[in-house]
Amino acid sequence: MALIVQKYGGTSVGDLERIANVARKVAATKDRGDDVVVVVSAMAGETDRLIGLAKKVSPLPNEREMDVLLSTGEQVTIALLAMTLESMGYKARSYCGWQIPLVTDPAYGAARITAIKKEAILEDVKNGHIIVVAGFQGVDDKGSITTLGRGGSDTSAVAVAAALNADLCEIFTDVDGVYTTDPNITSKACKIRKIAYEEMLEMASAGAKVLYIRAVEFAMRYRVPVVVRSSFSDNDGTLVTEESSDMEKESVRAVTCNTKEAKITISGVEDKPGIASRIFSSLADANIVVDMIIQNASADGKTDISFTLPESDLQKGLEICGKFKEQLEATQISGASDIAKVSIIGLGMRSHSGVAAKMFTALSKEGINIEMISTSEIKISCVINQKYAELAVRTLHDVFELEKSC
Ligand code: ADP
Ligand code: ASP
Ligand code: MG
């Protein structure tokens, strides 16, 4: 008998019929003799709807209250799924984050999990219950509700799997695995059977929203085997696991694209020690995760600094930088959200040369200008104009022949 954590995303629980479909899948696992802990998201579109309501009240709503609001989406789904399971004759019990408790730090909207108490859940499992946990939410040590960031139900699932020492964490979604690129962008995308934690981490950080980055971090740290598969078919999925020697064969495994980032440019700041420190410390204090940073070569003791950040933080980021405008003697602070970050990822980059050149040449042949570049050992990312995002993805997918790689 195994203990399995299954996570079902928003589309998978999008209406009552789909919740019944999830209940049947969960029940089938229980009938096989395994114990199941289910983690669910809010019904499709619900979190966006709630954000829309809050934005009508205030452009920058109170962050604590925002989390109280957003956590309601998942609370609806756990109750409906638990009721459905009960009506099918199974013992089911729902848990909000605070009831577990799944404890986080107090960073509203992007909280990090610090502890998960497993005793209550394990007691219920022992008594034959199917446990239904609300994804995306937790509670801080003062009792305030927190949320884990968009897509954070994945994190809840993997963290719960790690805490319970589960045998497997299955992420059920609307695609049947991790593909060489978003299958909604090109039909040439093909399913990757097995992918290393490290590659998946880079893909997630580069915008492949099929798995949330912090979920992959958890899986990697606690060695939780994760399978990504479809709620709507019984197809084999993608196993996210330890690196193995065959994985370095291809130089590039996947192309990703992130259109949810924005860019801030601070022009004409003094080129002297302490400037970057002041700006980026303030952004970090506001829990803004900065991604790429570029500082131009200085001219006449002045320089420009550009960086990317989540689009949802653009307003907050501009306000913070604005406070420094006079202190930094900056001539201008501007924000742009019409950018996209395209990335190529692969463990094989460690041993194949010329990958970056091939990427830049392919983009230039399509007339796509590269505004920023960043690299890691197994990833190269370029910021481009958002209108070329899909063209860039298709071009890179073709150039690196990913269609033939699966
Ligand atoms: P859920 O609501 O189940 O959490 P998400 O919408 O967060 O689902 O993630 C699934 C989506 O991720 C897919 O519909 C697909 O468009 C997108 N996606 C992006 N990159 C990839 C990829 N490389 N492989 C599979 N899906 C991807
Ligand atoms: N409901 C949350 C969101 O839409 C969390 C999740 O679905 O993973 O981002
Ligand atoms: Mg998701």
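Just follow the structure's listing: the first ligand is 1, and inside any ligand the first atom is 1.
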inquiry  = Please confirm whether G151 approaches ligand 2 to less than 4.0 Å, judged on its heavy atoms.
reply    = yes
ask   = So, the side chain of S144 versus the backbone of D140: is there a donor-acceptor pair under 3.5 Å, distance only?
value = no
task = Indicate, as side chain, backbone, both or neither, the part of T181 found under 4.0 angstrom from ligand 1 when only non-hydrogen atoms are considered.
result = backbone
ask   = Closer than 4.0 angstrom: is that true for some heavy atom of A189 and an atom of ligand 1?
value = no
query = Looking only at N/O atoms, are T47 and ligand 2 under 3.5 Å apart anywhere?
reply = yes
ask   = Going by the atom numbers of ligand 1, which of them fall below 4.0 Å from some non-hydrogen atom of M203?
value = 23 (N)
ask   = Closest non-hydrogen protein atom to atom 4 (O) of ligand 2, residue and atom name please, with distance?
value = R150 NH2, 3.0 Å
Exam field: side chain T331 to backbone S267, donor-acceptor pair closer than 3.5 Å = yes
key: Min heavy-atom dist G152 to ligand 2 below 4.0 Å   = yes
message = Heavy-atom distances under 4.0 Å decide this one: backbone, side chain, both or neither, for E46 against ligand 2?
response = neither
inquiry  = Considering I192, V210, D176 one by one, which has a heavy atom nearer to atom 26 (N) of ligand 1 than any of the others?
reply    = V210
task = Could you tell me which non-hydrogen atom of K118 sits nearest to which non-hydrogen atom of A163, and how far apart they are?
result = CD-O, 3.3 Å
request  = Using a strict cut-off of 4.0 Å, indicate which atoms of ligand 1 neighbour a heavy atom of G10.
outcome  = 2 (O)
query = Among protein heavy atoms, which lies nearest atom 4 (O) of ligand 1, and at what distance?
reply = K7 NZ, 3.0 Å
query = Within the side chain of Q386, is there an N or O that forms a donor-acceptor pair under 3.5 Å with the backbone of S337?
reply = yes
inquiry  = Ring centroids only, cut at 6.0 angstrom: are F280 and F307 within range, meaning strictly under it?
reply    = yes
key: Distance from atom 7 (O) of ligand 2 to nearest protein heavy atom, with residue and atom   = S41 OG, 3.1 Å
message = Determine whether a donor-acceptor pair (N or O, by modelled atom type, separation under 3.5 Å) exists between the side chain of D34 and the backbone of L3.
response = no
key: Distance filter under 4.0 Å to D174 heavy atoms, resulting ligand 1 atoms   = 10 (C), 11 (C), 13 (C), 14 (O)
task = Apply the side-chain contact (heavy atoms from CB on, under 4.5 Å) test between V226 and each candidate in T238, D154, I171, L168; give the one that qualifies.
result = I171
query = With atoms numbered from 1 as shown, which atoms in ligand 1 lie under 4.0 angstrom from a non-hydrogen atom of V178?
reply = 24 (N)
query = What do you reckon, does Y179 have a nitrogen or oxygen under 3.5 Å from a nitrogen or oxygen of ligand 1?
reply = yes
remark   = Going by the 4.0 angstrom heavy-atom rule, the piece of V175 near ligand 1 is side chain
key: Within-shell test, G151 vs ligand 1, heavy atom, strictly < 4.0 Å   = no
request  = State whether the side chain of T308 and the backbone N or O of A262 hold a donor-acceptor pair below 3.5 Å, judged by distance alone.
outcome  = no
ask   = If you count the atoms of ligand 1 from 1 in the order shown, which ones are under 4.0 Å from a heavy atom of G177?
value = 24 (N), 25 (C)
message = Treating T181 as the side-chain partner and T256 as the backbone partner, does any N or O pair qualify as donor plus acceptor under 3.5 Å?
response = no
ask   = Is it true that the NZ or CZ of R221 lies under 6.0 Å from the centre of F218's six-membered ring and within 45 degrees of the ring axis?
value = yes
remark   = Correct closest heavy-atom pair for T146 and D105 would be CG2-O, 3.7 Å
task = Under 4.0 Å from a heavy atom of N184: give me the atoms of ligand 1 that qualify, with their elements.
result = 14 (O), 15 (C), 16 (O)
note = Among non-hydrogen protein atoms, atom 21 (C) of ligand 1 lies closest to D182 CA, 3.6 Å
Heteroatom distance test (K209, ligand 1): nitrogen or oxygen, under 3.5 angstrom = yes
ask   = How close does the nearest protein non-hydrogen atom get to atom 8 (O) of ligand 1, and which residue and atom is it?
value = T173 OG1, 3.1 Å
Of I345, T241, I192, I195, the residue whose pairing with M200 passes side-chain contact (heavy atoms from CB on, under 4.5 Å) = I195
query = Within a reach of under 6.0 Å around CE of M372, are more than 12 heavy atoms found that belong to other residues, nucleotides or ligands?
reply = yes
